[in-house]
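Below you'll find the structure, written out as structure tokens, and then a few comments.
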Amino acid sequence: MVETKDAQRTTADPGKREFMLDVRTQDMEVNMGPQHPATHGVMRILVRADGEVCTGAQPHLGYLHRCAEKIGENVEWLQYLPYTDRYDYLAAMNNNLGYSMAVEKLMGIEIPRRAMMIRTICAELNRIGSHLIAFGTYGLDIGAFTPFLYMFREREWMMALFEKICGARLTYSYIRIGGVFNDAPPGWLSEVERFCDVFEEKWHEYVDLLMVNHIFVQRTANIGVIPRAMALDFGLTGPMLRGSGVDWDLRRDMPYELYVEIWKSGCFQIPLGKGERGTLGDCWDRSYVRVMEMMESIQIVRWCLGSIASGPVIADIPKTIRVPNGEAYAGIENPRGELGHYVVSDGGKVAIRCRVRGPSFTNLAVLEEILPGALIADTIAIIGSTDIVVGETDR
Amino acid sequence: MLTSMLAASVPQTGTNAINDFLAGVKPDYVPGWAVPLTAIGIAVGLTVAIISVVAMFSVWLERKVAGHIQCRYGPMRAGWHGWLQPIADGVKLLLKEDLVPLGADRVLYVLAPALVLASVLAAMAVYPLAPGFFFADIDLGIFFVLAMTSTTTIGVVMAGWSSNSKWSLYGAMREAAQVVAYEIPLGISLLVPIMVAGSFNLLEVSRAQTGFFGLNWYIWPWINPFMLPAFVLFFIAILAETKRAPFDLPEAESELVAGFMTEYSGIRWSFFFMEEYAAMFLYSVVGAFFFFGGFESPLTWGAAKLAGDGSVLHQVAAGTTLVVKGFAGVFLMMWLRWTLPRVRIDQVMTLGYKYLTPLALVCVLGAGLWEVFLTPILPWRHG
Amino acid sequence: MDFRGILDRLQVVGAPGLLGHDLPRPPDPKDKKDKGRGGDPFVWVEPEKLPAFLECCRDDARLSLELLVDLSAVDPSKDDPNLWVVTHLLSLALRHRLEVKCALPKAAATMPSSASVHRGAQWHERECAEMFGITFRGHPDPRHILLPEDWIGFPLRKDYVFPDEYHGISCK
């Protein structure tokens, strides 16, 4: 762990540029990023290494800070929606959903059933897409080039589906306050069904090629172990938490939208890390949770397709939304963890405060604790297993 | 006197043939000592040309293989199915800025890629390209090859150190450790076919596997059952020697950007890559010679039957066979690269020292015992 | 437990620093100016006692609020003399949430750090500190996290004025 003394040494005087410690013969200070193939975005990690062993790590953030929260206080409620796409750009539907739910909670409006169905389908499909990237790029970091491209094949199809429904491939702004933007075009739902069928076959391919590959297991098992107590202390959520064996998923434990019904129908399970291939809470467990979650999302999508309702897709709300005075917090299960939006309103057109609790930001803090003691090659494996998107870390 | 001295130091056969030919056609005004020098020059030029073509073809092959394994096409625009792509890449690299990083050790930085490529080119000298044509027929054939290909390590460490970059240093250190570790199983596993053949010379070993329509190839278990495990160990060792996945830590792209090659660009970088592909091909050809019959194939027998042993057609057929076998090995290495993830450095070292070396020693012991006790009683091993 | 239950439990165990609570309510029909308040209920806690309060919530078996979800701040308006430091807690065992608010005067925005109670609070407090100018006493690593180390001003305060230039780069 980095001590305060070291922290002060790397802090520059105001106005001076930050510089690294001198290279001593025993400890080498190596800079990972901001430009680095494995840090999943523009992030910098100062790693102090004694040979190949890491003795200290300090993440430096802020390279992608785009003042989302400040902007939230300056634009109208609906105008803020495209900004929500852009923090966790790999799971934009979920971000839209989180923000919309917070505002809808404060407004106290009812969402039509068909809208909730379509929202759930889109959110779960996006969860699959996000986990495909997380797992694929994790394979890339470990050195397996091919599974990444196979997973992108499915992700391309998912993006094509989203393009058909809302016109965008990555940042959708489709799930709006009150429902969704427009109805699914004819044939979309049956194409989603075909996607589910094909995906289930391909899923087995990914597992065989990467998940149970002996070299992959060797690289990720017993690495970066996060015990339960540490996970709770750091406030981790999502696969980081479930990988350590903690049975918590907002979709089941604090259900929102349709998840009460979906859970009752018994169509999906919550995969947990079990320490099957190594220690409980290691990198393999977290990848395992993500891979299994993809299958569970398919079951949820199938349930929704099976009980799709007809009707309006957006609630009857005025064009210019005025949210009543008050504050609300809505947390949803993002692919990376609990995405929370805390909105404060004074009854006007513009928010007083739009706080975004990004799961990647909280999950990243644990690196300061688990990186020391790992080898440099393991550093990459551990960073990859946290599945961070720097857009969400920095907002 | 000088001429005879020079003539005496010229290596045999292929270069000799060129030397004799040139001596025959030499006009009178050209001095005598120019002939061996020209002969050597031509031989070296041919080696460089062959390696360059091999490397360029490998570059194209790698990209197409990678593409097709990954459900895409690979280069398609530069020529038919991208066959001009390596030439385009070469031209691009030649035109790049000649960059030496600030603070880099200039002499070592420039010398490193040259040393690396020169080692591999030197190893090429003892390869018979056809049963009657090679540049140097020395009895220490394979030993010389292994020795020369190991000197590339010096070049890699020089590259890593002189780049004045921590990432390069990491890559160079890993590479040195890995190559040194895998030299041992490489050499020991090769002892098995050397024992059976009784010679280090590549041509001798190839000749020992002729006859019986390919049933004499050393890989078959009835020749010596320890050949197959020895080949497997040999193949794993050459993957580590050429720094190919799953042992490509020294150039681990996602971790160290490009390892020891991070600071290199342009033609210097292409030297490293040429060395990698050339080494892959050369090791693969060694495998072909020692385990898979060398020059033997239906094509060669057909040519020998048709035009006689030692004829030009036979030589060409034999050469083609060898190249095809070499590239089959190269293809296998590429296939593995795009399928398997990377093994971590300490796991690489564990595998090399704790598993492969003892297994190689067991193979040699078993093969030796087989040779001594069982070969006399096996009818197909006589004669 | 619902909010009422959590509140009762907090009072029973004598949670340190508990000042009061605020429930959502519809607008008062007699007062035209009253807008009412929608959304979530929360408790008011004294800023100086926040770490002790969080520890109490975490350790009590009937509250079991083990996870610190978020620690952020709000500047309600230019005229309001206080900042709000808002903490969201989550209980995995009992499946409930609690929102905790502290009113911190802008003129003296300092309070003890909760990093010793929840390790995850460290980074959240760093962000609060740089965005709102709140000093968390006893914080093990009080550097800026998202903003450059030499940024002047506290961006998320309502009276923040954007600088004209930064290191020679024009900000207009």
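In the text below, chain A, chain B and the rest are named by the order of the sequence lines, each starting its count at 1.
For a residue to count as touching a neighbouring chain, one of its non-hydrogen atoms must lie under 4.5 Å from one of that chain's; by this rule C/L90 touches chain A with the side chain only. Contact annotation for C/V117: only backbone heavy atoms (N, CA, C, O) come within less than 4.5 Å of a heavy atom of chain A. Both the backbone and the side chain of A/D346 come within less than 4.5 Å of a heavy atom in chain C. Residue C/A121 does not touch chain A at all, counting heavy-atom pairs closer than 4.5 Å. For C/Y160, the part sitting under 4.5 Å from any heavy atom of chain A is the side chain, from C-beta outward, and nothing else. Interface residue C/P76: only backbone heavy atoms are found under 4.5 Å from chain A. Contacts between C/P155 and chain A at a heavy-atom distance below 4.5 Å involve the backbone alone (N, CA, C, O). Only the backbone of C/R157 comes within contact range of chain A, judged by heavy atoms closer than 4.5 Å. For A/E69, the parts lying near chain C are the backbone and the side chain together; criterion is any non-hydrogen pair under 4.5 Å. Only the side chain of A/V246 comes within contact range of chain C, with heavy atoms under 4.5 Å apart. For C/H88, the part lying under 4.5 angstrom from a heavy atom of chain A is the side chain only.
Atom CD of residue C/Q122 and atom CD of residue A/E368 lie 6.5 Å apart, to the nearest 0.5 angstrom. To the nearest 0.5 Å, atom CG of residue A/L232 and atom CZ of residue C/R119 are 14.5 Å apart. From A/R355, atom CZ reaches atom CG of C/L71 across 8.5 Å, with rounding to the nearest 0.5 Å. Separation of atoms CD1 (C/I145) and CG (A/D394) is listed at 9.0 Å; rounding is to 0.5 Å. In this structure, A/R228 CZ and C/L92 CG are separated by 7.0 Å, a value rounded to the nearest 0.5 Å. Atom CZ of C/F162 is separated from atom NZ of A/K70 by 9.0 Å, given to the nearest 0.5 angstrom.
In the displayed structure, C/L19 atom CG is contacted under 6.0 Å by more than 12 heavy atoms of other residues, nucleotides or ligands. With a 6.0 Å radius and a threshold of 12 heavy atoms from other residues, nucleotides or ligands, A/Y259 has its OH atom above the threshold.
Most heavy-atom pairs under 4.5 Å with chain A, from the set C/E127, C/E66, C/H118: that is C/E127. Most heavy-atom pairs under 4.5 Å with chain C, from the set A/G62, A/G340, A/S345: that is A/G62. Between chain C and the options A/L106, A/D253, A/V366, heavy-atom pairs under 4.5 Å are most frequent for A/D253. Among C/R58, C/K158, C/R95, C/M131, the residue making the largest number of heavy-atom pairs under 4.5 Å with chain A is C/R95. Contact tally against chain C (heavy-atom pairs below 4.5 Å) for A/K105, A/R357, A/M230, A/E327: the top residue is A/E327.
In plain terms, the two heavy atoms of C/D75 and A/I352 that are nearest each other are O-CG2, 4.0 Å. Annotation for C/W123 and A/F361: closest pair CE3-O, 3.5 Å, computed over non-hydrogen atoms. Across every non-hydrogen atom of C/L67 and A/L236, the tightest pair is CD1-O, 3.9 Å. A/A328 approaches C/G39 most closely through the heavy-atom pair CB-CA, 4.2 Å. Taking each heavy atom of A/Y329 and C/D40 in turn, the nearest pair found is N-OD2, 2.6 Å.
The main-chain N or O of C/G36 is found under 3.5 Å from a side-chain atom of A/N325 such that the two form a donor-acceptor pair.
Residues C/W84 and A/R353 fail the side-chain proximity criterion, which asks for heavy atoms closer than 4.5 Å. Between C/H124 and A/T362, some side-chain heavy-atom pair lies under the 4.5 Å cut-off.
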message: Let's go through A/H60 and C/E149 carefully: what are the C-alpha distance in whole Å and the side-chain angles of both, what is the deciding distance for side-chain contact (heavy atoms from CB on, under 4.5 Å) to 0.1 Å, and is it a yes or a no?
response: CA-CA 11 Å; A/H60 285 246; C/E149 210 51 55; over 6 Å; no
